[in-house]
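A short worksheet on the structure shown next.
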Protein chains: 2
Amino acid sequence: MKKDVDKVIIPKPAIVRLSTLYVLLENLEQEGKTKIFSAEIGKLLGVPSHTIRKDISFLRQAGTGNGYEISILKNIIAEYLGFNKYKKACIVGMGRLGNVITTKNGFYSNQYAVIAGFDNNPEKLKSTRTDMDLYPMAKLKEVIERENIKIGIITVPQDSARKVAHDLIDCGIKGIINFSPVLIEINRDDVFIRNIFIAGEFNILSAFISQYEKNKL
Amino acid sequence: MKKDVDKVIIPKPAIVRLSTLYVLLENLEQEGKTKIFSAEIGKLLGVPSHTIRKDISFLRQAGTGNGYEISILKNIIAEYLGFNKYKKACIVGMGRLGNVITTKNGFYSNQYAVIAGFDNNPEKLKSTRTDMDLYPMAKLKEVIERENIKIGIITVPQDSARKVAHDLIDCGIKGIINFSPVLIEINRDDVFIRNIFIAGEFNILSAFISQYEKNKL
DNA sequence: CAACTCCAGTGAATAATTTCACGATATCAC
DNA sequence: GTGATATCGTGAAATTATTCACTGGAGTTG
């Protein structure tokens with residue numbers, strides 16, 4: 001009898017690695033590569049090969065045992081992790097950062113589409129040159145519901161970030177990428193937030209470097 | 001007899017949380033707040049209060065037992081994690097993203113200073129308006145060594161990211177924040193890299209949302 | 001068609017991290 | 001000052017994640 005696949009819970013760090021791996025595979029595929037080994041993936045992701053093998057084994061879709069066919073592996077990951085479900089995103093805050101992020105620069109996978117931008121400054125709505133549709137904040141709920149958008153990006157200044165986050169959640173957004181330099185507190189376990197907290201990154205590096213030097217002694 | 005404090009190894013996730021917490025405390029302090037409780041911190045960081053208490057307890061600098069004095073907690077964290085050691089950073093790639101990041105926007109803590117910018121396009125060196133000193137790539141080693149910079153930010157396009165990373169490491173950089181949409185593979189355990197991999201963030205959110213819905217059933 | 005080599009897959013062991021639970025200490029009210 | 005309440009600090013337990021170690025399949029060579 002087959003194992004109850006649906007009950008296997010994948011460790012969160014494994015989900016993060018596999019999600020990243022997916023984008024990596026997209027890039028490699030575009031470069032013309034078709035096959036890859038666990039050791040190679042490991043190097044690129046900065047983890048040992050057995051970690052990669054284990055991560056992939058959580059998906060319970062055993063391959064042939066001799067390297068991975070990139071296109072197949074991509075599909076297995078996307079299928080299992082549900083990447084095909086939520087492809088639309090919106091962005092709030094059409095300032096300079098918002099602009100940079102949504103300019104197709106390789107920043108986001110070609111699987112996703114940021115289809116709507118919001119800002120409460122009418123000037124910005126006019127001056128911004130982009131493929132997306134731009135709207136004033138008042139249209140937030142209407143657009144998100146109409147397009148069934150589940151992912152939101154926050155690139156507004158500090159003082160409005162929290163309000164925007166809660167507005168997005170009220171409109172049905174389930175995942176947020178927050179670039180504002182403010183941590184956003186949410187009380188619901190059905191909404192996920194990824195904070196891109198650049199100021200913190202300096203400290204993290206500083207700490208790791210110091211820890212390394214301390215332990216070296 | 002006192003415990004051998006120096007031998008206590010802090011879990012990596014705790015280091016990351018404490019590093020983030022530090023920036024948070026800086027912000028709260030600027031807003032005029034002087035005291036904070038573990039439950040409050042927990043909400044802001046999105047983790048339970050006992051995790052925060054445990055994280056802080058790794059520092060072995062017990063407080064009074066009734067909330068934390070923000071200024072004191074800040075000092076304890078900075079001291080223990082060595083934040084005071086490496087305050088200078090440089091950035092390679094003065095394109096639009098590089099500009100946005102280095103514009104004092106609250107993106108980086110006021111503790112750090114991005115003091116030098118590099119680009120191999122002479123036009124960019126002239127046209128960019130900034131407080132930093134700007135240099136051509138040829139000056140990389142000279143400047144990094146002269147200023148004893150240990151942290152580098154990469155905001156160059158995809159195709160040069162890997163080379164830039166290795167150049168930085170050759171110049172003595174020990175910590176890298178990589179914004180390019182390429183994962184950088186390094187083989188040294190004395191160099192730390194933080195990939196801000198936006199394309200991956202979409203997948204991660206997508207996966208968490210799907211996982212949540214799957215487990216809900 | 002062996003024999004050999006190279007990898008993936010995975011259950012089990014180990015290690016790392018988080019959570020728990022409770023004693024200790026500060027604060028406040030009266 | 002005493003009691004009531006709130007909060008921290010931390011060793012130990014529980015949970016979660018990683019690493020190990022071995023099996024078996026696929027490709028390759030002569």
Side-chain angles (χ1 to χ4, degrees), chain A residues 1-5 7-21 25 34-70 72-74 76-77 80 189 204 207-208 211 215, chain B residues 1-5 7-21 25 33-70 72-73 76-77 80 189 204 207-208 211 215:
Chain A
M1 185 186 155
K2 225 182 161 188
K3 252 196 178 160
D4 194 345
V5 168
K7 283 286 155 52
V8 176
I9 286 167
I10 305 187
K12 284 196 199 74
I15 291 181
V16 171
R17 283 190 298 267
L18 288 167
S19 298
T20 309
L21 172 55
L25 293 175
T34 60
K35 202 177 174 187
I36 195 165
F37 300 111
S38 63
E40 228 175 324
I41 297 175
K43 268 192 184 171
L44 286 163
L45 257 48
V47 297
S49 64
H50 55 244
T51 300
I52 296 300
R53 291 206 302 280
K54 186 66 171 174
D55 287 350
I56 293 173
S57 96
F58 286 123
L59 309 176
R60 301 287 135 147
Q61 292 274 130
T64 61
N66 190 5
Y68 301 97
E69 202 65 39
I70 290 181
I72 295 175
L73 182 53
K74 262 183 59 185
I76 293 172
I77 295 173
Y80 195 96
D189 65 356
I204 292 168
F208 281 147
Q211 265 336 76
N215 294 334
Chain B
M1 187 188 155
K2 225 183 164 189
K3 254 197 181 160
D4 194 343
V5 168
K7 283 284 154 55
V8 175
I9 286 166
I10 305 188
K12 283 196 199 75
I15 290 180
V16 171
R17 283 190 298 268
L18 288 167
S19 297
T20 310
L21 172 56
L25 294 175
K33 213 170 156 97
T34 60
K35 201 175 176 188
I36 195 164
F37 301 111
S38 63
E40 228 175 325
I41 297 175
K43 271 192 183 171
L44 286 164
L45 258 48
V47 297
S49 64
H50 54 245
T51 301
I52 297 301
R53 292 205 303 280
K54 186 66 172 176
D55 287 350
I56 293 172
S57 96
F58 286 122
L59 310 176
R60 301 286 137 148
Q61 292 274 130
T64 61
N66 189 2
Y68 302 96
E69 202 66 37
I70 289 180
I72 294 174
L73 182 53
I76 292 172
I77 294 173
Y80 195 96
D189 65 355
I204 292 167
F208 280 146
Q211 262 339 71
N215 294 336

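Every chain is numbered from 1, with letters handed out A, B, ... down the list of sequences. Computation of the quantities below employed the complete heavy-atom set of this structure, encompassing side-chain atoms and omitting hydrogens, waters and symmetry-equivalent molecules.
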- prompt: Is any side-chain nitrogen or oxygen of B/Ser49 closer than 4.0 Å to OP1 or OP2 of D/dT7?
  reply: no
query: So does B/Lys33 pair up with B/Glu40, basic N to acidic O under 4.0 Å?
result: yes
task: Round to the nearest Å and state the distance from A/Ile72 atom CD1 to C/dA8 atom C1'.
output: 14 Å
task: Could you please name the option among C/dG9, C/dT18, D/dG9 that lies closest to any side-chain atom of A/Ile56?
output: C/dG9
message: When you measure from the side-chain N and O atoms of B/Arg60 to the phosphate of D/dG9, is any distance below 4.0 Å, counting only OP1 and OP2?
response: no
- prompt: Taking the six-membered ring of A/Phe58, is the NZ or CZ of A/Lys54 close enough (under 6.0 Å from the centre) and on axis enough (within 45°)?
  reply: yes
query: Base, sugar-phosphate alone, or nothing: which one does B/Lys12 contact when heavy atoms must sit under 4.0 Å apart?
result: sugar-phosphate
- line: Of A/Pro13 and A/Lys35, the one whose nearest nucleotide on DNA chain D sits closer to the 5' end is A/Pro13
message: Given D/dT19, C/dC7, C/dG11, identify the nucleotide with an atom nearest to the side chain of A/Phe37.
response: C/dC7
query: Quick one: is B/Tyr68 getting a side-chain N or O under 4.0 Å of the C/dA26 phosphate, OP1 or OP2?
result: no
- request: Round to the nearest Å and state the distance from A/Leu45 atom CG to D/dT18 atom P.
  value: 12 Å
- prompt: Between C/dT18, D/dC20, D/dT10, which nucleotide gets closest to the side-chain atoms of A/His50?
  reply: D/dC20
message: Taking 4.0 Å as the cut-off, does a side-chain nitrogen or oxygen of A/Arg53 come that near to OP1 or OP2 on D/dT18?
response: no
field: Side chain of B/Asn66 - closest among D/dT7, C/dC7, C/dT19
entry: D/dT7
query: Would you say B/Ser38 reaches D/dC8's phosphate, i.e. side-chain N/O to OP1/OP2 under 4.0 Å?
result: yes
